[in-house]
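Here is the structure we will look at.
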Amino acid sequence: MDVLIIGSGGREYSIGYALKKDENVDKIYFAPGNGATDTLGKNIALSDFNELANFAKESSIELTIVGPEDPLVNGIVDVFHEHNLNIFGPSKAAAQLEGSKVFMKNCLQKYGVPTAKYLETDSLDEASSFINTMSTPIVVKADGLCAGKGVIIAPTHADAIEAAKNMLSGESFGDAGSKIIVEEYLDGYELSIFAVCDGKDYVVLPAAQDHKRVLDGDEGPNTGGMGAYAPTPLIDDELYKKVEDRVIKPTLEGLKKDGMPFTGVLFIGVMVVNGEPIVLEYNVRFGDPECEELMVLIESPVSELFYKAATGDLANLDIKLSNRYAVGVVLASQNYPYSSSQPAEIIVDEIVHKELSENSYIAYAGVSKDEDGTLLATGGRVLVCVGIGESIQEARDRAYMLVGQVHFIGKKCRTDIAYQALAQ
Ligand code: AMP
Ligand code: GLY
């Protein structure tokens, strides 16, 4: 089959990388793709949903996979369905789980899913009164999409009120902050859990752990993610079962009852507090950089997973997961996440070590090509070096070996990806 992938990051590159090895897949298209996805398929410069649907029809594309949240929240899946096309991702209605934190929190409450205690409000007075009853730190979140920046963890009551004020006035995030969530701070460890859903059934993929802060030891500001690994030993069968029974099942049943059955991937951001899973947030797409590791841990053809989810046929999926581990280390540009950096040429040394070349790959993200075809680092998160191994340690060693083979001015990365798992 021919497949269209919507998006331009490392996540979309990794989906294309997995599909490229899949016997069921012929041509791969990316819209818009990046400076390296053209080595896996063809980049298409379209973004209008109807134009993309027409392109899919004319090119006999059997499956479209949506990477990022923006097109999902803006209804790409509904447009493709109107054209009778197969597409992997949730409807606009179900994508509100990520598009609106207020919608998400209200769903969690309605469906009885454990989550942090919260207040939803558009009034500063109401927010301030609630904040004054809470213990610190206090979490303040803008309702709408803010490219991962809409969450403030305020150390004092005054900071929380200030954050609420800046959001509600529109100063911090424009309209996305016209409603806010104020919630209790949860102290535990975070997991990323992915349930691939077809509207009726679901498949849970190996749980991952992301590293959101820019510096080693989880210091510095939040980023989109500086590295991840999977599967994580920080979850066992008992915790998986709690997540299925208390989170995944009630959420999918509730959404179905409310007329918005979920298809695509439900990304559950969980905080584990004293062994209990508490939902921090839902996203309606794969995590980035978690997807880069998951894509090499699926042994059966990945096209089947995506296609069967998109066509309501997961009950007939026989998914084979690897018993190995994958660790991904993000190489970011110099000024990430504060400001953009000068474009820098990327040089990748030839990998002569067979063991490394066979057990690692680079997922390209913020890259473009100049007129001469030179690959340039142009984005904040430039690429992800993924190592695969029999243990987390081996996978991590390979990921960092690969990091040593990649060069560009201003290259930076965390040196401690998977530290929590290795300390176990
Ligand atoms: P979110 O976009 O809701 O996932 O928030 C971004 C990050 O903020 C999460 O990955 C957590 O690290 C942190 N965070 C969000 N909500 C809370 C909370 N209630 N308690 C502690 N940390 C939180
Ligand atoms: N890695 C976290 C995210 O994609 O939101």
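Model, not experiment: these values are computed from the prediction. As a basis for the values below, the full set of heavy atoms in this structure was taken, side chains included, without hydrogen atoms, waters or symmetry mates.
Side-chain contact annotation: Asn54 with Glu58, donor-acceptor N/O pair under 3.5 Å absent. Residues Asn106 and Tyr118 bring a donor and an acceptor atom of their side chains to less than 3.5 Å of each other. Thr415 and Tyr400 share no side-chain donor-acceptor pair at under 3.5 Å. Side-chain contact, Thr156 with Asp159: a donor N or O sits under 3.5 Å from an acceptor N or O. Asn50 and His83 are linked by a side-chain donor-acceptor pair at a separation below 3.5 angstrom, with hydrogens and angles left out of the test. Side-chain contact check for Thr121 and Glu126: at least one donor-acceptor pair (N or O, by modelled atom type) lies under 3.5 Å. There is no side-chain donor-acceptor pair under 3.5 Å between Ser8 and Asn34. Side-chain polar atoms of Ser303 and Asn24 form a donor-acceptor pair below 3.5 angstrom. The closest side-chain donor-acceptor pair between Thr37 and Asn43 falls under 3.5 angstrom.
Separating the OG atom in Ser391 from the OH atom in Tyr325 is a distance of 8.0 Å, to the nearest 0.5 Å. The OG atom of Ser192 lies 3.5 Å from the CD atom of Glu290; values are rounded to the nearest 0.5 Å. In this structure, the separation between NE2 on His211 and CD on Glu190 is 11.0 Å, given to the nearest 0.5 Å. Interatomic distance, NZ of Lys256 versus OG1 of Thr251, reported as 14.0 Å (0.5 Å rounding). Atom CD of residue Glu69 and atom CZ of residue Phe286 lie 14.0 Å apart, to the nearest 0.5 angstrom. Atom-to-atom distance recorded for Thr64:OG1 and Phe55:CZ is 9.0 Å, nearest 0.5 angstrom.
Sorted by first and then second residue, the side chain to side chain donor-acceptor pair (under 3.5 Å) pairs involving residues 217-231 (not counting sequence neighbours) are Gln209-Tyr229, Asp218-Arg414, Asp218-Tyr419, Tyr229-Thr232.
More than 12 heavy atoms of other shown residues, nucleotides or ligands fall within 6.0 angstrom of atom CG in Asn316. Within 6.0 Å of NZ on Lys412 lie more than 12 heavy atoms contributed by other residues, nucleotides or ligands. Other residues, nucleotides and ligands contribute only 12 or fewer heavy atoms inside 6.0 Å of the CG atom of Asp175. Asn274 CG: 12 or fewer foreign heavy atoms inside a 6.0 Å radius. Shown here is Lys308, whose NZ atom has more than 12 heavy atoms of other residues, nucleotides or ligands within 6.0 Å. Lys57 NZ: more than 12 foreign heavy atoms inside a 6.0 Å radius.
In this structure, Thr263 contributes its side chain and Gly89 its backbone to a donor-acceptor pair below 3.5 Å. When atom types are taken as modelled, the side chain of Arg213 and the backbone of Gly220 share a donor-acceptor pair closer than 3.5 angstrom. Remark: the backbone N or O of Ala363 is not paired with any side-chain donor or acceptor of Glu292 at under 3.5 angstrom. Panel note: side chain Arg381, backbone Gly225; a donor-acceptor pair is recorded below 3.5 Å. No donor-acceptor distance shorter than 3.5 angstrom exists from the side chain of Asp210 to the backbone of Ala228, with no hydrogens or angles considered. Glu98 places no side-chain N or O within 3.5 Å of a backbone atom of Ala95 that could act as its donor or acceptor partner. No side-chain donor-acceptor contact under 3.5 Å links Asn335 to the backbone of Tyr338.
Listed by chain and residue number, Phe88 satisfy the ring pair (Phe, Tyr, Trp, His ring centres under 6.0 Å) test with Phe306 (two or more places apart in sequence, or in another chain). In this structure, the salt bridge (charged side-chain N to carboxylate O under 4.0 Å, His left out) partners of Glu183, at least two apart in sequence or on a different chain, are Lys105, Lys141.
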### Task
Apply side chain to side chain contact (heavy atoms under 4.5 Å, CB included) to Lys110 and Asp258, showing your working.
CA-CA 11 Å; Lys110 183 170 171 195; Asp258 285 340; 2.8 Å; yes
#### Entry: Chi angles and distances behind the side-chain hydrogen bond (donor to acceptor under 3.5 Å, both in side chains) call for Ser100, Asp143
CA-CA 5 Å; Ser100 164; Asp143 176 44; 2.6 Å; yes
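Asp38 and Lys42 are not joined by a salt bridge, as no carboxylate oxygen comes within less than 4.0 angstrom of a charged side-chain nitrogen. The pair Lys165-Glu171 does not count as a salt bridge, with every side-chain nitrogen at least 4.0 angstrom from each carboxylate oxygen. Glu253 has no carboxylate O lying under 4.0 Å from a charged side-chain N of Lys257, or vice versa, which leaves the two without a salt bridge.
Ring geometry for Tyr13 against Tyr364 counts as perpendicular: the plane angle is over 60°, on a 0 to 90° scale with 30° as the lower cut.
Proximity of the aromatic rings of Tyr17 and Tyr361 is defined here by a centroid distance below 6.0 angstrom, and this criterion is met.
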